[in-house]
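Written out below as structure tokens is the structure these notes cover.
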Amino acid sequence: MSEQNKESLAWEKIVAMYRGSLQSNEDIKRMELHFPQFLSHRLQGSEFLIGVTEELQKEWFSQLYAQPLETAIRNAGLGDGITVKFVIEKPSEAAAKKVEAKPEKPKGAQAVRRTRALPSTLPLLENYTFKNFVRGPSNSFAHAAATAVAKGLGRTAYNPLFIWGGTGLGKTHLMEAIGHYVLDNNTDASVCYITSETFLNEYVNALASGGLPAFRARYRKYDLLLLDDVQFIVGKKQFQEEFFNTISHLLIYNKQVVMTSDVAPKELQLEDRLISRFQQGMVTEIESPSYETRLAILKSKMQARNREIPADILNFIAENIRSHVRAIEGALNRIVTFIDINPNIALNLEIAQHLLKDMIEEEVTIKNISPEAVIQATADHYGVTVKDIKAPGRTQSLVTPRQMAMFLACKLTTDSLPDIGKAFDRKHTTVYYGSQQIQKRLTVEPELKQAITQISSKLGRKISDVLE
Ligand code: ADP
Ligand code: MG
């Protein structure tokens, strides 16, 4: 068998191994979209090199695929300790090296076409309207700014509008409410709601397929661009440039831009000019709701569903579930489900307390665990020191303990990513990346679950608190 055939078979095996480790359709779709963009692949010493055209692909694909492909290579029995590296290649070089007859090629090509055909705008959730948004001191400023923007599209000083705050506090709801309002009241306006991850994906695809002019033209024609979760652009320099240019272009033409993020602009570690661009408009934070707002939200959700729940139970939920609105909705859902499946039992406070016991315990314990405690427990488990975990280097043997500590800190504490980052003496993006690595490895390395069980139990938690 020729060397080239052998290599192509090995790659087939790696791809099959990786594909088999994926659990969600999203992941499979993503892979089918991205892998055909790899220009070449070859083993060189102990490095498996994958050629790509652009710096951004290199950054982005390394984050997504380097580690899982290393695992796939190992599991495919093609070598231990091989590191996967993405390298930039000129297309002509790549064409010379390209391995013929890649089996995944047609599939990939289809996926690209499918994605191109997808409209960029994601659907707005029907109930994420202003009418369904409960105002309170924690969100009144953001709400006022959002209303002003919806009514005076592109003509207010709130451009861009930047809404930030912890997860589950209503950022997406408020952003989509602007979209609904504009679509209902302004028939001419074109609206695009998109997450920054999708935006980035489209950009990477456009780069690879030479469709950049079309990509730009598409995003620059909207009257209202809603970009959700922009914390996603952190650390992606080339993309930030494109992002900046798109936003600047829209602003020059008085088009409205709204962004959300789970951290404040200054924590995003973006280029200064991007931050100052954001600050030219309006930056507003949504905070955790107060007791009164939590109660008002509960009442509004009950009304929306046409349900009635005794007041003492609503008070009980509002008092005990404090972290975020999504958790409050979760508690409410549980109660409603109970009523539905037990129509003959009269719901009382005692039953409700029992039903929500674990959620309330979680609220309490979540607050009690600090990133420091997680680092300590993880270090103990792996027989290393806290200092090792925080050390600046990239010593291979410390990568798993460190990333595991990051993963668990994200799952078990309510601290923000920047705060967790501080505990590790690292940027929050590094923590996010580290945590993602463990998440990905979990599908192929069941032994990691054992570590999670053991470390969690040291912290008084169960594995089910970590892995839903
Ligand atoms: P985020 O984008 O900040 O993570 P979401 O906008 O997805 O949060 O909100 C999470 C859930 O909480 C949604 O179901 C949303 O409708 C609800 N919610 C959040 N804040 C409010 C509010 N002030 N009034 C009514 N519902 C809210
Ligand atoms: Mg959101």
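Both counts, for ligands and for their atoms, begin at 1 and track the order of listing. All residue numbers in this chain count up from 1 along the given sequence. Any value given below was found using the heavy atoms of this structure, including those in side chains, with hydrogens, waters and symmetry copies removed.
Atom 13 (C) of ligand 1 has Tyr128 OH, 3.2 Å as its closest protein atom, hydrogens excluded (heavy atom only). When hydrogens are left out, the protein atom nearest atom 24 (N) of ligand 1 is Val134 N, 2.8 Å; that is the closest non-hydrogen contact. Shortest contact from atom 4 (O) of ligand 1 to any protein heavy atom: Gly168 N, 2.7 Å.
Checked by atom type, the side-chain pair Asp380/Gln376 shows a donor-acceptor distance below 3.5 Å. A donor atom on one side chain and an acceptor atom on the other are found under 3.5 Å apart for Asp223 and Ser190. There is a side-chain donor-acceptor pair under 3.5 Å between Asp228 and Thr260. Residues Asn333 and Arg305 bring a donor and an acceptor atom of their side chains to less than 3.5 Å of each other.
By the 4.0 Å heavy-atom criterion, Gly166 is counted among the residues contacting ligand 1. At least one heavy atom of Lys301 sits less than 4.0 Å from an atom of ligand 1.
Contacts of Thr172 with ligand 1, taken as heavy-atom pairs under 4.0 Å, involve both backbone and side chain.
The ligand atoms of ligand 1 that sit less than 4.0 angstrom from a heavy atom of Asn139 are 23 (N). Distances below 4.0 Å separate heavy atoms of Asn132 from the following atoms of ligand 1: 24 (N), 25 (C). Residue-ligand proximity, Gly170 to ligand 1, at heavy-atom distances under 4.0 Å covers atoms 1 (P), 3 (O), 5 (P), 6 (O), 8 (O), 9 (O), 19 (C), 20 (N). Against a heavy-atom cut-off of under 4.0 Å, Leu169 is close to the following atoms of ligand 1: 1 (P), 3 (O), 8 (O), 19 (C), 20 (N). Heavy-atom proximity to Thr167, at under 4.0 Å, picks out these atoms of ligand 1: 4 (O).
The ring of Tyr65 has its center closer than 6.0 angstrom to the ring center of Phe35. Side-chain rings of His34 and Phe61 approach one another, their centers coming within less than 6.0 Å. Checked against the 6.0 Å centroid criterion, the rings of Phe130 and Phe133 do not qualify as a close aromatic pair. Taking the six-membered ring for Trp and the full ring otherwise, the centers of Tyr433 and Trp60 sit at least 6.0 Å from each other.
Put simply, Thr172 gets within reach of the Mg ion (ligand 2), with an N, O or S atom under 2.8 Å from it.
The OG atom of Ser288 sits 11.0 Å away from atom CG of Asn139, with the distance rounded to the nearest 0.5 Å.
Between His173, Arg326, Glu176, Glu329, it is Arg326 that holds the heavy atom closest to atom 7 (O) of ligand 1.
Geometrically, ligand 1 and Val325 share no nitrogen or oxygen pair separated by less than 3.5 Å.
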